[in-house]
There are 2 protein chains.
Amino acid sequence: MKNCSVLVVEDEVAIRDMLRMALEIADLRCIEADNILDAHAIIVDRRPDIVLLDWMLPGGSGIELLRRLKRDKLTEELPVIMLTAKTSEDNVIQGLEVGADDYITKPFAPRELIARIRALLRRSGAMPSSERIEAGELVLDMSSHRVFIAGELLAMGPTEFKLLSFFMAHPERAYTRSQLLDQVWGGNVYVEERTVDVHIRRLRKALQNDMGDCSHFIQTVRGTGYRFSPPGI
Amino acid sequence: MKNCSVLVVEDEVAIRDMLRMALEIADLRCIEADNILDAHAIIVDRRPDIVLLDWMLPGGSGIELLRRLKRDKLTEELPVIMLTAKTSEDNVIQGLEVGADDYITKPFAPRELIARIRALLRRSGAMPSSERIEAGELVLDMSSHRVFIAGELLAMGPTEFKLLSFFMAHPERAYTRSQLLDQVWGGNVYVEERTVDVHIRRLRKALQNDMGDCSHFIQTVRGTGYRFSPPGI
DNA sequence: GCGAGGCATGACAATTCTGTGACAAAGTGA
DNA sequence: TCACTTTGTCACAGAATTGTCATGCCTCGC
């Protein structure tokens, strides 16, 4: 896993020891605090990737810290897992409402905790870059249905977009015209195989602009069909 | 709460009934499926905001569905909560590893479930964390139900407002007419897809006044639908 | 070097898709 | 009830896309 840091806010030494060990095994960096003031300073200062927060702490509860983080608009980015002995349904709901992303009750299973940390890191880290395929200067964004070369938007028709999506999802592999018709046009249409050539031509033309030329990514395989082969592999 | 849709994948009718009621109270739209094939089709087609997934289902386990979603790169955006009677630590870990964001064991407390759904929607970005969304000169205020360009109030109908809210909460992403009908009109209405075009037209017209013109924020994605894309990204 | 087949290219008409104004039905509030 | 707003549908025009074809270039085998 990436170099992720976990802030553990917990005053019981035994639990901190246990967590430190579990996090080390999971290849996560552990930062520790035993009160909410230190915790707040660390969050502002060192920006951990995730926080494990006990409810009952000396000098102020974890819920207070959550409220303060929420007020400072820090929770939107920062995932928080409550890890506490307060097990009542009302407690759980309160914790989640105030801004926690998950709520685990003590005693807890270390491996499950790690799995939940990973799930949350995945969710919070995976958000910005979602369905993007990149090939050199060429970037295709499925969700927004757009293609860029070096950040500049390209214009192309729906069929060209579908064709390029298919190619970029299956690079370095030659496809016959018939296979492309199946995959891109859908199996139940009757069109000439030569039609593929024309759309390849249009796609190649679309892959050129002032910022660069990616038209050579699409290579002709004589006697067979075409292949998408970006440089640098 | 915003107009969020929850896909419930569960074969026990009693639990589905209970969930339907709980979701209705929480102001969440409920879509139901009792097998993984239907569930997959619904996810691809109607793009629910979150999925509640049982483990044991007729015709294939929930874990299989998760694996398939992961392979299709759909889980990165789609939050999934496992909701199952399989309570062992290994099950929990397996579920989370395969891509679930949370794991709740039956029997469960409905209010806690709702709180966890809300926490996850908040994290995944489906729910705007603030009551106020801004995009360039354009400002939408959820609580007062008003829209401004450069401080000047815009006039628009309820449907246009809902459409704009949805777009502003999900910028930079192309939606089909069918998805917009699901998300903005609500799943259970029958209206022509072209109706969306007309409301897009009305919304675009409403987004112009003396102070500025934001109508170009709404872009046509030919062959697909529309996308909200404010400048400056 | 020379055909023959395979591919690239530009043009074009048919088709499909979207923008737009109009209109009647349904809903709202006084 | 009446004026007014909102909503869904339709028809038409304009624009973009698509499939096909004719032509010319390129490559390969001989």
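This structure is a prediction, so every number in the text was calculated from the model and none was measured. Here is how names work: the chains are called A, B, and so on, in the same order as the sequence lines, proteins then strands, and each is numbered from 1.
- To the nearest angstrom, P of C:dT20 lies 7 Å from CZ of B:R204.
- Atom CG in A:L203 sits roughly 12 Å away from atom P in C:dA8 (whole-Å rounding).
- The residue A:F161 sits apart from the nucleic acid: no heavy atom pair falls under 4.0 Å.
- In this structure, the salt bridge (charged side-chain N to carboxylate O under 4.0 Å, His left out) partners of B:D102, at least two apart in sequence or on a different chain, are A:R116, B:R116.
- Atom CD1 in B:I200 sits roughly 8 Å away from atom P in C:dG19 (whole-Å rounding).
- Spacing between atom CD of A:Q219 and atom P of C:dC7 amounts to 14 Å, rounded to whole angstrom units.
- For the pair B:L163 CG and D:dG8 C1', the computed distance is 15 Å after rounding to whole Å.
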* **Contact state string [nucleotides 16-26 of chain D, B base, S sugar-phosphate only, - no protein heavy atom under 4.0 Å]** => SSBBBB-----
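- One can place OH of B:Y175 at 21 Å from C1' of C:dT18, the figure rounded to the nearest angstrom.
- Checked for salt-bridge contact, B:E24 and B:R29 miss the test: no charged N lies under 4.0 Å from a carboxylate O.
- For A:D197 and C:dA11, the CG to P distance is 18 Å, given to the nearest whole Å.
- Between B:R132 and B:E134, at least one side-chain nitrogen of the basic residue sits less than 4.0 Å from a carboxylate oxygen of the acidic one, meeting the salt-bridge criterion.
- Close to C:dC17, at under 4.0 Å from its OP1 or OP2, lies no side-chain N or O of B:T220.
- Comment: A:D101 engages B:R123 in a salt bridge, judged by a side-chain N to carboxylate O separation of less than 4.0 angstrom.
- Contact between the side-chain N/O atoms of B:Y226 and the OP1/OP2 oxygens of C:dC17 is not found at any separation under 4.0 Å.
- B:K106 and B:E10 are joined by a salt bridge, as a carboxylate oxygen and a charged side-chain nitrogen come within less than 4.0 angstrom of each other.
- By the 4.0 Å N-to-carboxylate-O rule, B:R16 lies close enough to B:E32 to be salt-bridged with it.
- Computed from coordinates, the B:L181 CG to D:dT7 C1' distance equals 13 Å when rounded to whole Å.
- Screening B:V6, B:V8, B:L19 for a side-chain contact (heavy atoms from CB on, under 4.5 Å) with B:C30, the sole residue that qualifies is B:V8.
- A salt bridge links A:R118 with B:E97: the closest approach of a Lys/Arg side-chain nitrogen to an acidic carboxylate oxygen falls below 4.0 angstrom.
- Dense packing is recorded around CZ of B:R20, with more than 12 heavy atoms of other residues, nucleotides or ligands lying under 6.0 Å away.
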What are the atom names and distances for every N/O pair under 3.5 Å that joins the protein to nucleotides 24-27 of chain C?
none

